[in-house]
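Notes for the one structure printed next.
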Number of protein chains: 2
Amino acid sequence: MTKARVTVIDIAKAAGVSKSTVSLVLQGSSLVNEATRAKVNAVMRDLGYVYNRGAANLRQAGAKSRIIGVVVNDLTNSFFAELAVGVDMVVQSAGFVQFLSNTGESIDRQREVVASMREHGISGLIVSPARATDAADFKPLVAAGIPVVVVVRNLPGAKVSSIVSDNRAGMVSAVKHLAGLGHKRIAFLGGFPDTAVFDDRLAGYRNGLEAAGLDYHEELVISSAPSRAGGVEAIGKAIALGRRPTAAVCFNDAVAFGVCDGLRARRLEPGADFAVVGFDDVIEAQAAVPALTTVSVDPQGIGRRGAQMLLKQINAGKAEAETVTTAVRLVVRESCGAGKTAPAMGRQERKIETGR
Amino acid sequence: MTKARVTVIDIAKAAGVSKSTVSLVLQGSSLVNEATRAKVNAVMRDLGYVYNRGAANLRQAGAKSRIIGVVVNDLTNSFFAELAVGVDMVVQSAGFVQFLSNTGESIDRQREVVASMREHGISGLIVSPARATDAADFKPLVAAGIPVVVVVRNLPGAKVSSIVSDNRAGMVSAVKHLAGLGHKRIAFLGGFPDTAVFDDRLAGYRNGLEAAGLDYHEELVISSAPSRAGGVEAIGKAIALGRRPTAAVCFNDAVAFGVCDGLRARRLEPGADFAVVGFDDVIEAQAAVPALTTVSVDPQGIGRRGAQMLLKQINAGKAEAETVTTAVRLVVRESCGAGKTAPAMGRQERKIETGR
DNA sequence: ATAAATATTTGGAACGTTCCAATTATGTCA
DNA sequence: TGACATAATTGGAACGTTCCAAATATTTAT
């Protein structure tokens, strides 16, 4: 087990050139003679040289660490896992490396990991902020010239780029679809009212009602935790209503699954007795029974898009804050009562699952 | 937008001490006077100082980067996402940061990301190797004193620590359970025969048959890609057999889902007409219909365990290669025909899903 | 053959930190 | 008070790289 690190000086010595030349070779400079380059490369291979990015980075003083930080609030949720995969794809092929951390919705943890990433000299950050993140939290980063892209949830007031899905349009299409199926009383279930995403989706719900010529009834909006348990709770309240709804759009798929659970607990079959549509199209949505009608948002695409945006800013050297909202589409399956999927083989996989 | 970085020298100047003192404060040394420490800290806060780990790391020459690399072969698979979460948990609370990369089963990508991580000076690596990874691939790392822990898949011949689930025992219990249900012809479906994991699981299958007093029939072992599609293919072959099996243990959950698909395509209801059990207990397993009976391996636990192991080695400074196999347990649900779950509310969530 | 141009190589100095040995301040004991 | 121990501080040197200005080698044109 060799103890000493191999440095450019060792290489230089062994190849009979100066360290500067070795450095030039490292950077692929065209200044160096072809023969020298070959020899240096050979020696590097022989001695098992590994480049020390830390040292290089120190000298260059610029933000050329080639590390980009990714912070998500729940990696366990396949939505975010996919997002991370999307980011990794473009980041990797651009020769960057990704720092990935999970906050589990904890603001403190988020602060910690962001600080840590900063110490490590990330050249950019992609973050899906934890709930109730202060918009000012990322101020120091951008002030230091480190581009930040906020994804999935937007951060009103923060002067950073962001990329969110078109929550409003998604809800509009969901509501219109239900209305088209003949539903007159459509509830909006789940989600915490204090978030920007909630506001957007609720606005979409109202727009959708309007477009379908239906009235908005305040009692049909029932918020809850954006989780499966929250869904159970919300549908419970909805059913207890005097004039109960016959359909619901849900804040997200987790809520929708909970709503299905709650319906079954009351001997109602989702799809047949009550129409439910979700939002996100998480991976489980198509495999569930009944398969969930939901608004597909392509998290991997968001990840890719966000990463591209970030890289662009890194390369440009200046962080021009831009906001993009990505298209979204309703995928009709069974839970809204409209799907007529064949019982077997009919469902096709969106992507190949690789086992392990 | 301030251009210049704040360094310890700036702090020193502003606080009226020397850079050495500032450094001492940074390291929490007890040598420095309480008053001085307070002042320095105050100044650091005022000037918005951020520690430059790169520089520190350079000086210390040791592997104290506090970065640990994590490489998985399919982040999209919730199994690995959970694993990463487990790793992140312990790594984060130990004050480390995780580099996460996805190889998508590509050996080249794996080589690339590992090289890149090494350049960045990771202090340790946790890897779930891509298929057909050469055991020698990690030799240089351990030679350089960088501990490596291989998870999920083992790498025979590599002198690194590894942690895999008890594949054999898992299969034994699955087979015994099916035999206890009265099945006499139990197939083993899916998986590529050239992997160590396959061998282990197959061995468990044989042991299980033996323990149940059943004969082993070669034609009942049908390999295929370890994916949903592979499962469809395998069950097709199984059903075409002269004396067809009445139950199957599958290489993993993805295969099991495929087997269910294939059964339905032939108007057979999984659980009722044919018993199927999976392996892994991926997150979708309990939500599927029928809920999948499977062998639970707790990927998050493996992640945590692996991270602990790695940290131990990092701290010890020496990489004592150890191998641990983690316990596994059969969770009986509906797909084996034994489950009698109440139709509603009966299924309980293993964990709370947080929406977004 | 020589000047001018071009191609290639090269020693420092710097980046921001930590470590070491050495220095200065403070306290204690006789 | 002096001598000594102890507490606190400090100025370089080093880590492995890149950059710069300058030096040397090679061509080309005359």
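Chain A is the first sequence line, chain B the second, and so forth, proteins listed ahead of strands; every chain is numbered from 1. This one's a predicted model, so the numbers in the text were calculated from it and none came from an experiment.
Rounded to 10°, the helix from C:dA1-D:dT30 to C:dA30-D:dT1 has 40° between the axis fitted to its first five pairs and the one fitted to its last five.
A straight line from CG of A:L31 to P of D:dT24 spans 18 Å, rounded to a whole angstrom. Going from atom CZ of B:R53 over to atom P of C:dT17 covers 12 Å, rounded to whole Å. Taking atom CG of residue B:N52 and atom P of nucleotide C:dA14, one finds them 18 Å apart after rounding to whole Å. Atom CG of B:L24 and atom C1' of C:dT18 are 10 Å apart (whole Å). Straight-line distance from the CG atom of A:L58 to the P atom of C:dT17: 9 Å, rounded to whole Å. Rounded to whole Å, the distance from CD on B:Q60 to P on C:dC15 is 20 Å. In this entry the distance linking CZ of B:R5 with P of C:dA14 reads 19 Å, nearest Å. Between A:E119 atom CD and C:dT17 atom C1' the separation is 13 Å, expressed in whole Å.
Distances shown here put a side-chain N or O of B:T21 below 4.0 Å from the OP1 or OP2 atom of D:dT10. The phosphate of C:dC19 has OP1 or OP2 within less than 4.0 Å of a side-chain N or O from B:Q27. The phosphate of C:dC19 (OP1 or OP2) has no side-chain N or O of B:S23 nearer than 4.0 angstrom.
Nearest-nucleotide assignment on DNA chain C puts the 5′-proximal partner with B:A55, out of B:A55 and B:S20.
Annotation: B:R305, atom CZ; neighbour count of heavy atoms from other residues, nucleotides and ligands within 6.0 Å does not exceed 12.
A distance-only check finds a donor-acceptor pair linking the side chain of B:S93 to the backbone of B:M89 [under 3.5 Å]. Judged by distance alone, with hydrogens and angles left aside, the side-chain atoms of A:N57 form no donor-acceptor pair with the main-chain N or O of A:R53 at under 3.5 Å. Checked by atom type and distance alone, the side chain of B:D74 pairs as donor or acceptor with a backbone atom of B:T76 at under 3.5 Å.
Counting any heavy atom pair closer than 4.0 Å across all strands shown, A:T7 reaches sugar-phosphate atoms only and no base atom.
For C:dT17, the base has no donor-acceptor partner in the side chain of B:R59 [N/O atoms by modelled type, under 3.5 angstrom].
Annotation: side chain to side chain donor-acceptor pair (under 3.5 Å) contacts of A:N102 (sequence neighbours excluded): none. Listed by chain and residue number, nothing satisfies the ring pair (Phe, Tyr, Trp, His ring centres under 6.0 Å) test with A:F96 (two or more places apart in sequence, or in another chain).
Counting only N and O atoms by type, the side chains of A:N73 and A:S128 include a donor and acceptor under 3.5 Å apart.
For A:T36, whose side chain is taken as the heavy atoms from C-beta onward, the closest listed nucleotide among D:dT18, C:dT8, C:dT18 is C:dT8.
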